**Q** 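My questions all concern the structure below.
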Amino acid sequence: MSKRENQILQLLKRDPFIQQQELADILGISRSCVAGHIMNLSKKGYIKGKGYILSNDVYTVTIGAANMDLTSYAYAKLIYEDSNPGKIISTPGGVGRNIAQNIALLKNESYLISVVGNDSHGNILFEQTKSAGVNVKYLYKLDGEKTSICNSLIDENGKCVVAVNDMSILEKLTATLLSQSKSLIQHASVLVIDCNLTEDALKWLFNHVGNVPIFVDTVSGSKAPKIRHWLSHIHTLKPNRTEAEILSGIKIETQKDAANAALWFHQRGVQRLILSMDAEGVYYSELDNTSGWSHAINTNVINTNGAGDAMMAGLVHCWLEGMELKESIRFAQQCSALTLSSENVEIFPKSRPYI
């Protein structure tokens, strides 16, 4: 779905009886252009029959990792090659799973496609993800496999110093397994992919998604290169500074550097770039020349893990709502800030009110 089609769809949701000329006046385009977009929406199944009867099948599909996160918090400055006092907690995690959960917590219909082992960790992930409102029909429990684990060390400033992950089970999320949910994927309003997937799984997805907007989380510098040859298929890309530098080959130190990197991505077909610049904020750019800088929200940082996942969920929610990019970025940053100030990876920890 294009940006303009999404805008029209949101207007039709608010007023199903609105006239095409009124739509044209609101959007500043011709009535014939509106008619063409409505025809495309009908072909794609978003509008059913006459009178702008809208399909209720607005949902997201997220495909990626589902882990148990073991997180070690140091109480004081780390002393290397020695035992450090702190605490260790175990929580459901995984980039894809976190995104799917937060999309659901933002009151959107959310599906997760992933794999876990048929073990204690897998059972915990399955039940807690389901209880958060995510549809787990395609969260496969695999016999004889071990659920992914990510072990992170957090320093006294809330920053992840190092992490070790055991995620070999994702090699079992094959093209054959993904093909079982082909229809679900092809009729989604948004598809979210994380780069924990194998290159073969990514290849299958990019070749079979059709017209569904694809949002990609690059995950890490070592995994980001997997999507280098698929940039023209990506609607929204959310890398951090390091990941964007690895993909583009452009050193990013200033806002001008960020703009040059965004141009590089747009020239290769990426429609929207959301570039995280750590404590400096977010640089955002859209193919239609919309761009800007959104400063970071002051937050008492407890744990940086999951903050990018919450931001991606916020971006997806705003896309479904038809919000403009600038407004979407600030909302997504607020989602991220809620996660940064908590030991949890979800936007709405039980001790916090809804926004």
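Treat the numbers as computed from the prediction; the structure is a model and nothing was measured.
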**Q** Please report the interatomic distance CG(Leu23) to NE2(His37), rounded to the nearest 0.5 Å.
**A** 11.0 Å
**Q** What's the separation between atom CG in Asn102 and atom CG in Asn108, rounded to the nearest 0.5 Å?
**A** 11.0 Å
**Q** Can you tell me how far the CD1 atom of Ile274 sits from the CD atom of Gln333, to the nearest 0.5 Å?
**A**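 Answer for the CD1-CD pair, Ile274 versus Gln333, is 10.0 Å.
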**Q** NE2 of His208: more than 12 outside heavy atoms within 6.0 angstrom?
**A** yes
**Q** Any idea which heavy atoms bring Ala307 and Ser336 closest together, and the distance?
**A**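 Residues Ala307 and Ser336, closest heavy atoms: O-OG, 3.2 Å.
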**Q** Should Lys251 and Asp257 count as an ion pair when the cut-off is N to O under 4.0 Å?
**A** no
**Q** SG of Cys335 to CE of Met312: how many Å apart, nearest 0.5 Å?
**A**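 Between Cys335 SG and Met312 CE, I get 12.5 Å after rounding to 0.5 Å.
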**Q** Hydrophobic clustering (ILVMFWY, side-chain heavy atoms < 4.5 Å, transitive) - are Ile185 and Leu177 grouped together?
**A** yes
**Q** Can you tell if the side chain of Met167 reaches within under 4.5 Å of the side chain of Asn67, non-hydrogen atoms only?
**A**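 Side chain of Met167 against side chain of Asn67, heavy atoms only: contact under 4.5 Å found.
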**Q** Shortest non-hydrogen contact from Leu275 to Ala244?
**A**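 Distance-wise, the nearest heavy atoms are CD1-CB, 3.6 Å.
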**Q** Under 3.5 Å, is there a donor on one side chain and an acceptor on the other for Gln101 and Arg97?
**A**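 Side-chain D/A pair, Gln101 to Arg97: present.
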**Q** Atom OG1 of Thr147 and atom NE2 of His121: how far apart are they, to the nearest 0.5 Å?
**A**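 Taking OG1 in Thr147 and NE2 in His121, the distance rounds to 7.5 Å.
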**Q** Apart from Leu112 itself, what residues make up its hydrophobic cluster, given side-chain heavy atom links below 4.5 Å?
**A**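 Via sub-4.5 Å side-chain contacts, Leu112 links to Met68, Val116, Ile124, Leu125, Phe126, Val134, Val136, Leu139.
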**Q** Knowing that exactly one of Arg268, Glu199, Lys203 qualifies, which makes a side-chain contact (heavy atoms from CB on, under 4.5 Å) with Trp230?
**A** Lys203
**Q** Can Asn123 and Glu127 be said to form a side chain to side chain donor-acceptor pair (under 3.5 Å), step by step?
**A** CA-CA 6 Å; Asn123 291 333; Glu127 293 303 323; over 6 Å; no
**Q** Run through Leu315, Thr60, Leu106 and flag the one making a side-chain contact (heavy atoms from CB on, under 4.5 Å) with Leu320.
**A**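 That would be Thr60.
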**Q** State plainly whether the residues Arg241 and Glu280 are in salt-bridge range, i.e. N to O under 4.0 Å.
**A** yes
**Q** Quick one: do Cys195 and Val216 satisfy side chain to side chain contact (heavy atoms under 4.5 Å, CB included)? Show the steps, please.
**A** CA-CA 8 Å; Cys195 285; Val216 174; 4.0 Å; yes
**Q** List the atom of Ala65, the atom of Leu170, and the distance in Å for their closest heavy-atom pair.
**A** CB-CD1, 3.7 Å
**Q** Looking only at heavy atoms, what is the nearest atom pair of Thr339 and Ala310, with distance?
**A**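 Result for this residue pair: OG1-CB, 3.3 Å.
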**Q** Side-chain contact, heavy-atom cut-off 4.5 Å: Leu197 with Leu173?
**A**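 Counting from C-beta outward, Leu197 and Leu173 do come under 4.5 Å.
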**Q** What are the two closest heavy atoms between Ser110 and Ala100, and how far apart are they?
**A** OG-O, 2.8 Å
**Q** Closest approach of Trp264 and Leu247, non-hydrogen atoms and distance?
**A** CH2-O, 3.2 Å
**Q** Using the side chain to side chain contact (heavy atoms under 4.5 Å, CB included) rule, take Trp319 and Phe215 through it: C-alpha gap first, then chi angles, then the decisive distance, then the call.
**A** CA-CA 10 Å; Trp319 171 256; Phe215 286 43; 3.9 Å; yes
**Q** Please round to the nearest 0.5 Å and tell me the distance separating atom NZ of Lys159 and atom CG of Leu153.
**A** 12.5 Å
**Q** Can you confirm whether Asn260 is buried at CG, in the sense that more than 12 heavy atoms of other residues, nucleotides or ligands lie under 6.0 Å from that atom?
**A** yes
**Q** Would you please say whether a donor-acceptor pair under 3.5 Å links the side chains of Glu324 and Gln7?
**A**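 Note: Glu324 and Gln7 side chains meet the donor-acceptor criterion.
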**Q** Should the pair Lys223-Glu243 be classified as a salt bridge under the 4.0 Å nitrogen-to-oxygen rule?
**A**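 Judged by the 4.0 Å cut-off on N to carboxylate O distance, Lys223 and Glu243 do not form a salt bridge.
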**Q** Give the C-alpha distance, both sets of side-chain angles, the deciding distance and a yes or no for side chain to side chain donor-acceptor pair (under 3.5 Å) between Arg31 and Gln21.
**A** CA-CA 5 Å; Arg31 192 202 63 76; Gln21 186 58 57; 4.9 Å; no
